[in-house]
Amino acid sequence: MSKSITAKNLNVYYGDFLAVEGVNIEIAAKSVTAFIGPSGCGKTTFLRTLNRMHEVLPGARVEGELLLDDDNIYGSGVDPVTVRTMVGMVFQRPNPFPTMSIRENVLAGYKLNGARMSRSKADEIVETALRGANLWNEVKDRLDKPGSGLSGGQQQRLCIARTVAVKPDVILMDEPCSALDPISTLAIEDLISELKKEYTIVIVTHNMQQAARVSEKTAFFNIAGTGKPGKMIEYADTTTIFNNPSNEQTERYVSGKFG
Amino acid sequence: MSKSITAKNLNVYYGDFLAVEGVNIEIAAKSVTAFIGPSGCGKTTFLRTLNRMHEVLPGARVEGELLLDDDNIYGSGVDPVTVRTMVGMVFQRPNPFPTMSIRENVLAGYKLNGARMSRSKADEIVETALRGANLWNEVKDRLDKPGSGLSGGQQQRLCIARTVAVKPDVILMDEPCSALDPISTLAIEDLISELKKEYTIVIVTHNMQQAARVSEKTAFFNIAGTGKPGKMIEYADTTTIFNNPSNEQTERYVSGKFG
Amino acid sequence: GDNGNDGEDTTTDEATSEATDNGTEGGAEEEASGDLPSAADISGNFYGGGASSHETAMLEWISEFEGQSGGAAVEYASVGSGNGRSGFLSGEYQFAGSDAAMDEGEYEDSTNQCGPDGAFHLPTYIAPIGVAINLDGVDENVNLDADTLGSIFSGEITSWDDEAIAEHNPDLDLPSTNITVVHRQDTSGTTENFTEYLAAASSTWEWDADGEWPSEATAESAEGTGGVIGLASEIDGAITYADAGRIDDNFVTVNVEVGGDYTEISSEAAAAVVSASEPAGGGAPNDMAFEIARDTEEAGTYPIIQIAYTIWCNEYPSQDDADFAQAFAAYIVSEEAQQLAADVAGSAPISEELREEALEAIGQISAG
Amino acid sequence: MIESTQTKNPTPASVQGPAGGHEPPHEPAAMLRPNSLTGNIQPRWFLPACAAVSLLLSFALVVLLGDAEEFSINWALWFVFAAVIHLVLAYVITLVRINRRKAKDMFWRNLIYVAFTLALLPLVSVIMSVAIVGFQGLTNAGFLTSDMQGINASTDAGTQEGEHGVLGGIRHAIIGSLVITLMATLVSVPIGLLTSIYLVEYSQGGPLSRAITFFVDVMTGIPSIVAGLFGAAAMASFLSFADSLGIPVPGRSTMGVTAAIALSVLMIPVVVRTTEEMLRVVPNELREASYALGVRKWRTILKVVIPTAISGIAAGVTLSIARVIGETAPILLTAGFATRVNWNPFEGWMTTLPVFIYQQFTRPMHPTYHDPSFQRAWAAALILILIVMGLNLIARIIATIFAPKKTGR
Amino acid sequence: MASGDRAGAGLDRGFAGLARFAGIGILIILAFVAFFLVCNSWGAIYHDQDGQADSASFHIGEFISHAWPLVIGTLIVSVIALLIAAPVAIGVALYISHYAPPRASRSIGYVIDLLAAIPSVVYGAWGMTFLAPQLVPLYNWLNEYLGWIPIFGGSPSPTGRTIITAGVVLSVMVLPIITSVCREIFIQTPKLHEEAALALGATRWEMITMTVLPFARGGIISGIMLGLGRALGETMAVVLVLSSGPIAWSIIQSGRHDTIPSNIASNFPESREGSVHWHELIAIGLVLFVITLLVNMLARWIVSRHKEFSGAN
Ligand SMILES: Nc1ncnc2c1ncn2[C@@H]1O[C@H](COP(=O)(O)OP(=O)(O)OP(=O)(O)O)[C@@H](O)[C@H]1O
Ligand SMILES: Nc1ncnc2c1ncn2[C@@H]1O[C@H](COP(=O)(O)OP(=O)(O)OP(=O)(O)O)[C@@H](O)[C@H]1O
Ligand SMILES: [Mg+2]
Ligand SMILES: [Mg+2]
Ligand SMILES: O=P([O-])([O-])[O-]
């Protein structure tokens with residue numbers, strides 16, 4: 001499991017609008033990488049290119065190369081679905097399936113793909129995933145209730161459980177903890193630390209402390225102004241970014257002096 | 001403007017499920033109060049009772065008294081609509097009106113009564129509100145574009161601008177910064193500090209530092225277990241809660257030792 | 001189903017009387033035309049469609065015929081004469097019912113389905129068209145001549161106590177109620193025959209014969225015979241025209257002036273007009289289409305009639321079909337069947353001469 | 001309530017915003033923010049009371065306006081007056097006691113209530129008309145279990161003379177309706193649903209999708225009789241074509257399946273338009289959630305998008321079935337008019353309930369004694385309504401099983 | 001990893017192909033219908049003078065003078081139907097989605113759906129036997145007090161079988177269609193947006209105008225178009241209810257006005273296939289087709305003007 005990611009000169013467009021420009025990054029396998037940067041700078045946009053979710057939007061397209069280990073996921077003949085089974089994603093807004101129960105939500109990755117499994121096997125997957133997302137105790141008595149009846153935080157953890165359940169190689173997380181309380185956040189962070197033994201993890205966060213706590217490397221994105229494309233300004237070890245950034249913008253951002 | 005809030009023995013139900021039990025709290029006018037607590041403990045639920053948004057859900061109901069200054073907002077003959085004009089709310093998830101442009105979103109509250117205002121007056125309101133929410137520079141060139149085309153953080157700031165624009169007495173904020181980057185967060189926090197000169201503000205947050213930074217008083221909510229009702233455990237000055245809480249649960253929570 | 005049996009039970013007395021009829025008549029027919037297959041030998045399905053005027057009689061005939069047959073099933077769809085003829089010509093129907101005779105083009109088309117001799121008409125349903133009046137205070141038939149009828153239906157006379165009406169009815173105390181003309185809104189054979197009469201016999205009626213009511217003379221209209229009767233019975237002072245059999249007790253009818261006398265509507269008077277009419281000529285060898293003598297001055301005739309035809313192939317693709325057609329057509333023209341139609345639908349049975357001519361024609365039906 | 005006057009005339013202090021220093025007080029804020037909690041709402045008894053008063057007043061008005069000699073009530077007029085008085089009364093009282101916004105809210109709320117009542121009136125009226133006569137027809141022996149074979153004017157004459165009750169039944173028409181509608185549904189729903197899936201999920205506004213949308217719109221305007229003509233003509237040419245190829249085919253194009261084709265032409269656009277609309281409102285984030293799990297698009301559509309929209313789709317399908325199951329004109333031209341049961345849509349004629357109703361209603365069996373035919377017609381109408389109701393119920397049950405569980409935010 | 005699981009990708013393409021094929025299928029069906037109509041309409045404007053063969057010529061003017069009163073009649077009846085049905089239907093849909101007690105709303109929706117279940121023949125029968133007589137006093141009243149307006153002039157119908165009655169009956173028939181579509185869309189309005197409006201202190205009606213109605217715009221128009229399609233094409237109900245005739249100003253007179261479908265249905269059974277009259281009937285069917293097309297294009301245009309503000313994002 002787990003793969004490395006390499007972006008080479010990646011430009012990301014919404015129709016004619018260049019949202020992110022010229023990203024070059026190398027993300028090692030079995031590591032946690034954090035993306036930080038001000039709102040609107042293109043963190044989400046870039047993250048979505050890593051599992052080809054970007055192209056789901058009409059008119060959205062990508063230029064450049066993006067290698068998963070050695071394969072260009074934007075190469076011809078590459079099936080985006082295969083990419084997405086390898087690269088899982090947790091969204092900024094929790095989005096459990098409203099037609100499904102909590103249990104079904106966790107199993108969605110299997111069930112939606114038509115996988116058949118024994119009841120006990122399924123139970124095991126559900127429990128492992130929900131425990132991993134620190135949600136098991138809260139929902140174990142109402143696994144058959146709809147997932148949309150949970151609180152925001154519970155919903156987000158449900159979405160994490162759902163992603164982890166299918167065991168991808170890479171997990172992308174778009175501000176996964178922004179709706180969580182510190183305890184759940186801590187649990188998710190623990191989970192991340194544990195997952196990184198096996199998976200490559202990329203996380204977008206606004207919480208510097210979190211970035212500092214969980215990630216080994218950090219990429220700082222910034223945007224020169226509205227209508228301008230976002231750019232990756234600096235990419236280095238997390239400690240370097242937070243303590244000794246080489247770029248002045250980064251320095252100002254991490255020290256909160258920005259804007 | 002600005003009003004005090006007093007809850008007396010407030011029980012909040014979803015149908016038969018008692019979600020929050022026996023809350024007694026006195027929130028002074030022109031102050032900032034933070035609600036903290038683990039996910040699912042009923043912070044959002046309780047907050048929504050403060051402007052009678054709770055009853056919008058079918059089957060949801062409230063027992064007890066809730067005084068705005070001296071008037072029980074759950075008293076007979078009280079119009080929930082009036083309550084909501086006095087008590088504004090920013091939601092956990094940004095929810096700009098998708099069918100309106102950015103400009104219209106900000107003016108939405110004014111447009112309600114079909115009030116006619118001059119173009120320049122409207123422009124002024126829009127600019128003031130957007131500046132206050134630290135969004136003006138990012139959107140000033142696309143005020144006529146739909147609000148849903150913004151990034152998550154931009155959307156949330158738009159919602160704050162929309163709420164502030166109508167100048168309510170009390171502003172409730174349900175994790176308003178959970179989708180924001182530090183800079184926007186800082187701006188919102190500044191905004192809160194400024195607003196509290198005139199308004200009463202209640203904010204739900206998972207970010208202890210934020211609670212510590214912006215609030216004068218903090219209420220800690222907790223839940224004994226799943227299916228049990230959430231309770232307000234402790235309510236005191238923020239410094240007391242964070243440095244010298246009288247309750248052991250609070251102490252464990254704020255020090256991150258919980259769970 | 002079960003109910004079908006009930007239905008048959010109820011008609012047992014008729015059926016027995018028919019059976020005896022059949023015994024004598026059927027025998028006579030067979031002698032006359034030689035080799036007409038009898039109903040009892042017939043089975044299978046047979047489809048027909050066309051004029052709705054036929055429908056009531058046709059359903060009677062079908063029930064009886066099926067009862068006598070060895071498992072035959074006949075269906076008749078009342079889709080209108082035009083559709084009936086189209087369906088027949090395209091082979092959907094094995095026979096058609098039509099209020100009007102085929103024109104030349106249709107006759108030519110019929111050679112596609114019906115062999116080189118094409119198709120021919122049988123006058124199987126002769127129906128007097130009654131002029132019905134719903135007028136409070138009048139419960140005797142009203143006497144009118146063609147000119148007055150023309151004036152009434154073209155909307156020139158608007159009140160029942162008009163001079164022109166009173167003149168014909170010295171004994172009637174006519175109220176001053178407004179006249180409401182009710183006519184068919186759909187194109188119909190009834191309208192065509194009625195306007196044909198008015199056009200031929202009335203000097204006050206300005207329009208040509210047509211299946212569609214002239215839009216200049218428009219008044220209240222309704223769909224179908226049932227529609228006009230239903231509507232006219234709701235309006236005091238209404239006058240309409242309809243298949244005699246469908247005019248109920250809410251109405252009085254018009255005795256039409258012919259040759260100085262007022263003829264009351266009746267089967268005999270209707271049949272008399274057919275005798276006075278000429279064959280149309282042309283068409284298939286044994287065709288029996290008619291040119292009705294609308295403007296006859298022969299006393300005791302009732303000239304507002306319509307002759308509805310059934311149309312048959314001279315040559316059917318299979319022997320089964322030919323046998324079926326012969327047996328069913330022969331049944332339809334039989335005295336028994338014609339009397340049955342007269343009883344239930346108020347039609348005029350065809351005369352003995354016509355029947356013989358018809359059986360002659362039916363005998364010519366062959367298989368190709 | 002006591003402070004209502006105060007509400008309308010807020011003191012300057014109450015309208016001043018936080019930035020009020022440099023901002024003159026303006027009207028909007030005043031109306032947005034009344035400074036009293038109470039008195040801004042009408043008491044619970046207000047609406048019923050107002051309605052009662054309106055009913056009484058309009059009753060008086062109707063009686064006054066009506067014939068002086070003859071005491072009669074025009075129900076329609078009563079309803080209209082009552083509705084108008086209620087609307088105006090509630091509006092004015094609210095305007096005077098509270099404010100314009102509340103009055104407007106009150107007005108629209110009442111208008112919606114009136115609209116709802118208005119919609120119920122014809123429903124009740126039609127159902128009563130159908131049910132009263134229809135129920136009588138239903139009680140006739142064998143009405144559901146027999147067909148019309150052998151039923152004719154003589155039969156009804158027998159009924160008139162009291163020899164027996166109303167005979168004949170609609171078994172053949174029920175079977176015809178179900179078979180033909182089922183076939184039309186089997187053709188239309190998959191085509192319609194797939195097309196709307198194509199429009200919503202696959203096409204990105206390309207020329208093909210624009211062409212489809214355009215032509216589907218056009219199809220909604222096909223008069224049903226033209227659809228019937230088309231069905232008959234299409235089947236006839238298909239049969240002659242197939243025949244010329246030597247494929248064994250039925251000799252006549254008049255049969256159940258031809259009617260089903262004609263109905264499909266009418267049904268497809270309804271299915272497409274309703275389901276398209278329902279698919280469009282499924283939030284994109286659900287699709288993305290599914291894609292992100294590595295689920296293929298077709299599975300996402302089938303297992304996420306469609307279940308989320310299922311209740312709307314079910315409603316649309318029911319609507320389209322209801323739309324065609326009541327068709328008369330196209331059936332006559334395509335399926336003929338049978339008096340007996342025929343299960344086989346590929347051979348022989350069939351009858352459907354609307355055709356039967358139309359025939360019994362417009363051309364009663366007996367020339368002058370119409371009662372039995374009318375009874376059959378209304379009873380058949382009642383059965384038809386019950387059938388569609390049943391279908392509706394089934395659709396709803398299906399919808400509820402798969403529908404989003406509507407709890408939470 | 002280059003090509004992943006081929007079977008899965010194949011299925012995906014297969015499904016996409018299937019969906020596309022269904023769309024193309026519709027185009028083909030429609031092409032056939034259009035071909036059928038156009039072919040058979042041609043004879044209405046290009047034919048020989050009665051009886052005289054080989055003297056075929058164009059008779060466009062004749063056809064137009066035959067068709068335009070029917071077009072007007074059809075439009076009148078549809079406009080009346082929509083004017084009554086659309087507001088009521090939106091009201092009913094709102095009642096079901098936002099005003100009725102939550103428990104009751106399902107069954108109420110079901111009850112309204114029942115209206116769609118009633119076959120048009122029954123509406124026709126109901127309209128002619130029950131509704132039409134009820135409306136006579138209204139027509140008399142309109143004629144007496146508003147008779148100076150041409151549309152209420154003439155002599156009011158004694159039976160009530162007028163174009164306006166037909167319009168009312170049609171409005172009842174299209175009501176459930178519009179209601180059903182609108183209701184389903186209204187229910188889909190995101191709670192989040194509704195709550196946003198309420199939190200700003202909107203009254204229920206203001207919340208509806210701010211969020212529900214804009215969100216449902218496309219759906220409402222779709223529903224209305226579906227209803228219009230039904231109104232334009234409705235045959236039997238109009239045949240039974242309307243006492244038809246030539247066009248006139250007054251809409252409360254009977255024996256006046258006719259609609260395209262009812263005219264086709266009334267005259268079709270007696271017209272011989274291939275005759276000029278038969279071609280004319282098909283041609284006015286084609287005209288109805290074109291009318292629908294124009295109306296729908298207008299509707300699409302209205303919806304598309306606000307596309308970027310649609311509710312799905
Ligand atoms: N669907 C879209 N169409 C067009 N532009 C978009 C779209 N989504 C985002 N954008 C624009 O692209 C830019 C980058 O947005 P993105 O959502 O990636 O920011 P972000 O860094 O994730 O911000 P946040 O921290 O607020 O989530 C922004 O200017 C945004 O307005
Ligand atoms: N609509 C609802 N119906 C039933 N139960 C609900 C509903 N919304 C929330 N609950 C339950 O009420 C409890 C309190 O939920 P609430 O959303 O108030 O938590 P919270 O403290 O805001 O959590 P978070 O920090 O995750 O937002 C939870 O157990 C939740 O599952
Ligand atoms: Mg983002
Ligand atoms: Mg919450
Ligand atoms: O028999 P009709 O053509 O007059 O209906």
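All figures in this text were calculated on a predicted structure; none of them were measured in a lab. Atoms considered below: every heavy atom in the structure, side chains included; atoms not considered: hydrogens, waters and symmetry mates. By convention in this document, chain letters (A, B, ...) are assigned in the order of the sequence lines, proteins followed by strands, and residues within each chain are numbered from 1.
- Atoms CZ and CG, on D/Arg296 and A/Leu112 in that order, are 13.5 Å from each other to the nearest 0.5 Å.
- Residue A/Met53 comes nearest to D/Tyr291 through the heavy atom pair SD-CB, 3.6 Å, listed as atom of the first residue, atom of the second, then distance.
- Interface residue A/Leu57: only side-chain heavy atoms are found under 4.5 Å from chain D.
- The line from OG1 of A/Thr99 to CD1 of D/Ile310 is 10.0 Å long, rounded to the nearest 0.5 Å.
- Across all non-hydrogen atoms, the minimal contact from D/Thr308 to A/Pro98 is CG2-CG, 4.2 Å.
- If you measure heavy-atom distances from A/Pro80 to chain D, you find no contacts under 4.5 Å at all.
- Taking the side chain as every heavy atom from C-beta outward, A/Phe91 and D/Glu285 never approach each other to under 4.5 Å.
- Among residues two or more places apart in sequence or in another chain, the side-chain hydrogen bond (donor to acceptor under 3.5 Å, both in side chains) test is passed with D/Lys303 by none.
- Neither the backbone nor the side chain of A/Val90 comes within less than 4.5 Å of any heavy atom of chain D.
- Two residues are said to be in side-chain contact when any heavy atoms from C-beta on lie closer than 4.5 Å; A/Val56 and D/Arg287 fail this criterion.
- Between chain D and the options A/Gly114, A/Ala108, A/Gly59, the largest number of non-hydrogen pairs under 4.5 Å is found for A/Gly114.
- Looking at D/Ser290, both its backbone and its side chain come within 4.5 Å of chain A, counting heavy atoms on both sides.
- When each of A/Asn113, A/Thr85, A/Asn95 is scored by its heavy-atom pairs under 4.5 Å with chain D, the top score falls to A/Asn113.
- A/Lys111 has its side chain out of reach of D/Leu293: every pair of non-hydrogen atoms, C-beta onward, lies at least 4.5 Å apart.
- In this structure, A/Phe97 and D/Leu286 approach most closely via the heavy-atom pair CE2-O, 3.5 Å.
- For a residue to count as touching a neighbouring chain, one of its non-hydrogen atoms must lie under 4.5 Å from one of that chain's; by this rule A/Arg52 does not touch chain D.
- Shortest non-hydrogen contact noted between A/Met89 and D/Ala292 is CB-CB, 3.8 Å.
- The environment of A/Glu194 atom CD is sparse: at most 12 non-hydrogen atoms of other residues, nucleotides or ligands sit within 6.0 angstrom.
- D/Tyr202 is linked by a ring-ring contact (aromatic ring centres under 6.0 Å, His included) to nothing, counting only residues two or more places apart in sequence or in another chain.
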